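This is a predicted model, so every value here is computed, not measured.
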Amino acid sequence: MRIGEVARRAGVSVRALRYYEEQDLLRAERSSGGQRRYPDSAVDRVQLIQQLYAAGLPSRSVREVLRSVYAGTVKPGLLDRLESERARITTRITELLAARDRLDGVIATTRNPPPACTGGRAPGGPARSAAHG
């Protein structure tokens, strides 16, 4: 399969595929004319690479995970690093959920401010005087 077809089917740019080759994450054979030719399995491999990058793994870790996945064995220490990355992602998710909850509170307050924030008047209405309390 040619580079453009792999890129289209995997939903990535040709430039990304070249980068993956530079990082030793993806390999292509070369035709007699020097064109890259990928196996059909390249699309699945590229999608896995994308998922690993999206999880925040650096190229070195992605390379190790790919080798483990395709060899069926795991090098010592890799699982510890992956579990550490998982814990980091879990912490980040917790932080993002808290930020979303705070933002939801700001949105709710902005849409329906409490009377103390409106000076005793309904949103858009006239203020009540302190004498009429």
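- Considering every non-hydrogen atom in both I3 and L17, the closest pair reads O-CD1, 3.4 Å.
- Taking 4.5 Å as the limit, some side-chain heavy atom of L103 sits within range of a side-chain heavy atom of I107.
- Between the side chain of S31 and the backbone N or O of Q35, at least one donor-acceptor pair lies under 3.5 Å.
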Report task. Determine, step by step, whether L66 and V62 satisfy the side-chain contact (heavy atoms from CB on, under 4.5 Å) criterion, reporting the C-alpha distance in whole Å, the side-chain angles of both residues, the deciding distance to 0.1 Å, and the verdict. Result -> CA-CA 6 Å; L66 290 173; V62 171; 4.0 Å; yes

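- Between Y53 and S59 there is a side-chain heavy-atom pair separated by less than 4.5 Å.
- A salt bridge links D24 with R67; the closest basic N to acidic carboxylate O contact falls under 4.0 Å.
- Residues Y38 and V46 fail the side-chain proximity criterion, which asks for heavy atoms closer than 4.5 Å.
- Two residues are said to be in side-chain contact when any heavy atoms from C-beta on lie closer than 4.5 Å; T73 and S68 fail this criterion.
- Residues G4 and V14 approach most closely at CA-CG2, 4.3 Å, considering heavy atoms.
- With a 4.5 Å cut-off on side-chain heavy atoms, Q23 and R63 count as touching.
- Distance check: Y19 OH to L26 CG gives 13.0 Å after rounding to the nearest 0.5 Å.
- The side-chain heavy atoms of R45 and Y70, taken from C-beta on, include a pair separated by under 4.5 Å.
- Each of E5, E21, E29 was checked for a salt bridge (charged side-chain N to carboxylate O under 4.0 Å, His left out) with R36, and the lone residue meeting it is E21.
- In this structure, the side chains of R37 and R30 stay at 4.5 Å or more apart for every pair of heavy atoms.
- Contact record, A7 with S13: CB-C, 4.0 Å, taken as the closest heavy-atom pair.
- Rounding to the nearest 0.5 angstrom, the gap separating the CZ atom in R88 from the CG atom in L57 is 7.5 Å.
- The environment of R15 atom CZ is sparse: at most 12 non-hydrogen atoms of other residues, nucleotides or ligands sit within 6.0 angstrom.
- A salt bridge does not link E85 to R81: none of the charged nitrogens lies less than 4.0 Å from a carboxylate oxygen.
- Residues R102 and V106 are not in side-chain contact: their nearest non-hydrogen atoms beyond the backbone lie 4.5 Å or more apart.
- Hydrophobic clustering of Ile, Leu, Val, Met, Phe, Trp and Tyr side chains at less than 4.5 Å, counting indirect connections, keeps I89 apart from L79.
- Rounding to the nearest 0.5 Å gives a distance of 9.0 Å between CD of Q47 and CZ of R9.
- A salt bridge is absent between R86 and E83: the closest approach of a Lys/Arg side-chain nitrogen to an acidic carboxylate oxygen does not fall below 4.0 angstrom.
- Here the shortest heavy-atom pairing between A16 and V12 reads CB-CB, 4.2 Å.
- Considering only residues two or more places apart in sequence or on other chains, R18 meets the salt bridge (Lys or Arg N to Asp or Glu O under 4.0 Å) condition with none of them.
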